[in-house]
Amino acid sequence: MGNLHRRKPNDRARQIVTTIIGIVIGFFIGISIPSASLNKINIPSNIITSLDVAITDIHGSTSTSPKTESLENVGSTTVPKIHVPTNPRGAESLPPGIVVPESDLYLRRLWGDPNEDLQKKPKYLVTFTVGIDQRNNINAAIKKFSEDFMIMLFHYDGHTSEWDQFEWSKRAIHISVRKQTKWWYAKRFLHPNVVSAFEYIFIWDEDLGVEHFNGDKYIELVKKHGLEISQPGLEPNNGLTWEMTKRRGDREVHMDTEEKPGWCNDPHLPPCAAFVEIMAPVFSREAWRCVWHLIQACCNDLVHGWGLDFALRRCVEPAHEKIGVVDSQWIVHQVIPSLGSQGQSEDGKAPWEGVRARCKNEWAQFQSRLTNADKAYLAQYGKE
């Protein structure tokens with residue numbers, strides 16, 4: 001009975017030959033037909049997308065693969081396009097979760113755990129535009145600011161390493177560009193998104209006496225009186241230009257004054273109110289975001305800042321209540337014409353004469369721009 005189920009040798013050989021012939025015929029048929037594109041075959045898009053991702057995963061997880069392909073290369077037509085209109089300008093194509101529109105000036109280490117870089121984050125920023133000849137005066141000024149203040153020096157004379165004689169200088173930020181003013185630096189290096197970590201920004205000259213000034217006490221008074229733009233009172237001497245900035249000995253802060261007859265048509269407008277000078281202004285973070293945009297920095301730059309102090313009121317509302325002078329923390333203007341020496345003698349005139357002429361020219365042009373801008377704005381909104 002067992003012999004009935006035994007296959008004949010000829011049947012087994014016939015099956016093997018048939019299989020081989022089928023393989024050969026299939027091979028020749030396969031190479032004779034052009035490859036079909038997935039795009040020409042009606043396959044559901046979700047299958048193609050899944051295939052793309054699968055191919056990418058395979059390539060990404062195969063360590064021996066000589067070349068890996070990104071999702072864009074494998075199936076660029078299926079990659080979703082991102083456009084987030086609420087992202088900052090220029091970053092609309094980025095996923096919102098990775099967009100970081102702001103930065104800071106905190107110094108970072110090149111080693112160690114990044115979370116341990118900063119033992120203390122200064123809350124305020126103090127900038128001085130300096131030359132090496134005023135290093136001792138700047139050293140005295142910086143001693144009036146605690147560790148809550150970050151120091152930034154703009155060097156107009158190219159000397160930076162010489163400041164390392166002061167211990168604080170090694171922790172300060174130094175920016176050196178020859179023969180420039182603080183407003184030139186401020187427009188280019190104090191963008192609001194970079195200094196947003198600081199509650200207040202001091203933009204000061206180098207020729208200020210600070211014997212009667214304390215940074216921490218100044219901040220307390222600014223916060224107490226709600227000042228968005230301020231300056232210390234000036235001790236009356238030959239460096240005083242405006243009555244508004246003169247120190248008053250009977251109060252902590254003042255926000256208005258009386259000027260010469262005819263100088264103030266409105267008691268709430270400069271120079272009788274809503275006004276501080278450009279030698280030692282202090283801005284809140286919110287006010288600086290507006291003021292930065294006000295600084296002219298194209299074509300004919302407003303490098304000296306003349307006229308800027310009369311326009312600061314446009315950045316806070318109501319200006320006559322949020323711009324003021326801190327009397328109980330006062331300074332002395334030493335009137336050292338350091339920038340005048342950075343000018344160039346032309347037509348037989350002293351260097352400072354050319355600098356002063358540039359200041360007057362800027363003032364006239366800036367006033368003209370403000371006037372024209374006001375007219376255009378009022379005309380656009382039908383208020384004229």
Next on the checklist: Checking Phe198 against Tyr124 for the ring-ring contact (aromatic ring centres under 6.0 Å, His included) test, could you report, in this order, the C-alpha distance in whole Å, the side-chain angles of both residues, the deciding distance, and whether it holds?
Outcome noted: CA-CA 5 Å; Phe198 305 106; Tyr124 319 111; 8.6 Å; no
Next on the checklist: Return the NE2 to CD1 distance between His268 and Ile323, rounded to the nearest 0.5 Å.
Outcome noted: 12.5 Å
Next on the checklist: Which residues pass the side-chain contact (heavy atoms from CB on, under 4.5 Å) test with Ser103, not counting sequence neighbours?
Outcome noted: none
Checklist entry - Lys322 side chain to Ile229 main-chain N or O, any donor-acceptor pair under 3.5 Å? => result no
Checklist entry - Strictly by modelled atom types, are Ser230 and Tyr218 linked by a side-chain donor-acceptor pair under 3.5 Å? => result yes
Next on the checklist: Surrounding CD of Gln165 (heavy atoms of other residues, nucleotides or ligands, distance under 6.0 Å), is the total greater than 12?
Outcome noted: yes
Next on the checklist: Checking the side chain of Glu286 only, and the main-chain atoms of Ser284 only, is there a donor and an acceptor separated by less than 3.5 Å?
Outcome noted: no
Item to check | Minimal non-hydrogen separation, Pro122 against Tyr106, with atom names | outcome: O-OH, 2.9 Å
Next on the checklist: Between His212 and Gln329, do the side chains contain a donor N or O and an acceptor N or O under 3.5 Å apart?
Outcome noted: no
Checklist outcome for this item: In this structure, CG of Leu312 is separated from SG of Cys290 (nearest 0.5 Å) by 9.0 Å
Next on the checklist: With a 4.5 Å cut-off on side-chain heavy-atom distances among I, L, V, M, F, W and Y, is there a chain of contacts connecting Val177 to Ile295?
Outcome noted: yes
Checklist entry - Judged by modelled atom types alone, do Thr257 and Arg248 share a side-chain donor-acceptor pair under 3.5 Å? => result yes
Next on the checklist: Checking the side chain of Arg247 only, and the main-chain atoms of Trp330 only, is there a donor and an acceptor separated by less than 3.5 Å?
Outcome noted: no
Checklist entry - Distance-only, no hydrogens or angles: does the Trp288 side chain make a donor-acceptor pair with backbone N or O of Leu190 under 3.5 Å? => result yes
Checklist entry - Distance-only, no hydrogens or angles: does the Glu206 side chain make a donor-acceptor pair with backbone N or O of Gly131 under 3.5 Å? => result yes
Next on the checklist: Working to the nearest 0.5 angstrom, can you tell me the gap between Asp309 CG and Trp242 CH2?
Outcome noted: 7.5 Å
Item to check | Mutual orientation of the aromatic rings belonging to Phe154 and Tyr185 [parallel < 30°, tilted 30-60°, perpendicular > 60°] | outcome: parallel
Next on the checklist: Does the structure place the NZ or CZ of Lys182 under 6.0 Å from the centre of the six-membered ring of Trp204, at an angle of no more than 45° from the ring's axis?
Outcome noted: no
Next on the checklist: Among His333, Gln334, Gln134, exactly one meets side-chain hydrogen bond (donor to acceptor under 3.5 Å, both in side chains) together with Asp207. Which residue is that?
Outcome noted: His333
Checklist entry - What pair of heavy atoms forms the shortest contact from Leu107 to Leu118, and how long is it? => result O-CD2, 3.4 Å
Checklist entry - For the residue pair Phe202 and Phe145, does the interplanar ring angle fall in the parallel (under 30°), tilted (30 to 60°) or perpendicular (over 60°) class? => result perpendicular
Next on the checklist: Under a plain distance cut-off of 3.5 Å, with no hydrogens placed, do Trp163 and Asn139 share a side-chain donor-acceptor pair?
Outcome noted: no
Next on the checklist: For Thr129 and His155, which I'm curious about, is there any donor-acceptor pair between the side chains at under 3.5 Å?
Outcome noted: no
Checklist entry - Roughly how far apart are Lys187 NZ and Leu294 CG, rounded to 0.5 Å? => result 8.0 Å
Checklist entry - Atom CZ of Arg251 and atom OG of Ser328: how far apart are they, to the nearest 0.5 Å? => result 11.5 Å
Checklist entry - Restricting to pairs with a member in residues 256-273, which pass salt bridge (charged side-chain N to carboxylate O under 4.0 Å, His left out), not counting sequence neighbours? => result none
Next on the checklist: Please list all pairs meeting salt bridge (charged side-chain N to carboxylate O under 4.0 Å, His left out) that have one or both residues in residues 126-149, counting only residues at least two apart or in different chains.
Outcome noted: Lys120-Asp148
Checklist outcome for this item: Between Cys315 and Ala287 the two heavy atoms that sit nearest each other are CB-O, 4.2 Å
Next on the checklist: Between Thr245 and Glu277, is there a side-chain donor-acceptor contact under 3.5 Å, judged purely by atom types and distance?
Outcome noted: yes
Item to check | Carboxylate-amine/guanidinium contact Glu220 Lys217, below 4.0 Å | outcome: no
Checklist entry - Are the side chains of Val326 and Leu227 in touch, meaning some heavy atoms are under 4.5 Å apart? => result yes
Checklist entry - Below 4.0 angstrom, N of the basic side chain to O of the carboxylate: do Glu235 and Lys246 qualify? => result no
Checklist entry - Is there side-chain contact between Met244 and Cys272, with heavy atoms separated by less than 4.5 Å? => result no
Checklist entry - Is there a donor in the side chain of Glu102 and an acceptor in the side chain of Ser196, or the other way round, less than 3.5 Å apart? => result yes
Item to check | Point-to-point distance, once rounded to the nearest 0.5 Å, from CZ of Arg188 to NE2 of His191 | outcome: 13.0 Å
Item to check | Residue Arg108 excluded, over 12 heavy atoms near CZ under 6.0 Å | outcome: yes
Item to check | Close side-chain approach of Val332 and Glu211, heavy atoms under 4.5 Å | outcome: no
Checklist entry - If you draw a 6.0 Å radius around NZ in Lys121, do more than 12 non-hydrogen atoms from other residues or ligands fall strictly inside? => result no
Checklist entry - Would Tyr200 and Phe283 satisfy ring-ring contact (aromatic ring centres under 6.0 Å, His included), going step by step from the backbone distance to the final call? => result CA-CA 5 Å; Tyr200 293 91; Phe283 304 96; over 10 Å; no
Checklist entry - Which of these passes side-chain contact (heavy atoms from CB on, under 4.5 Å) with Ile151: Ile173, Leu125, Ile142? => result Ile142
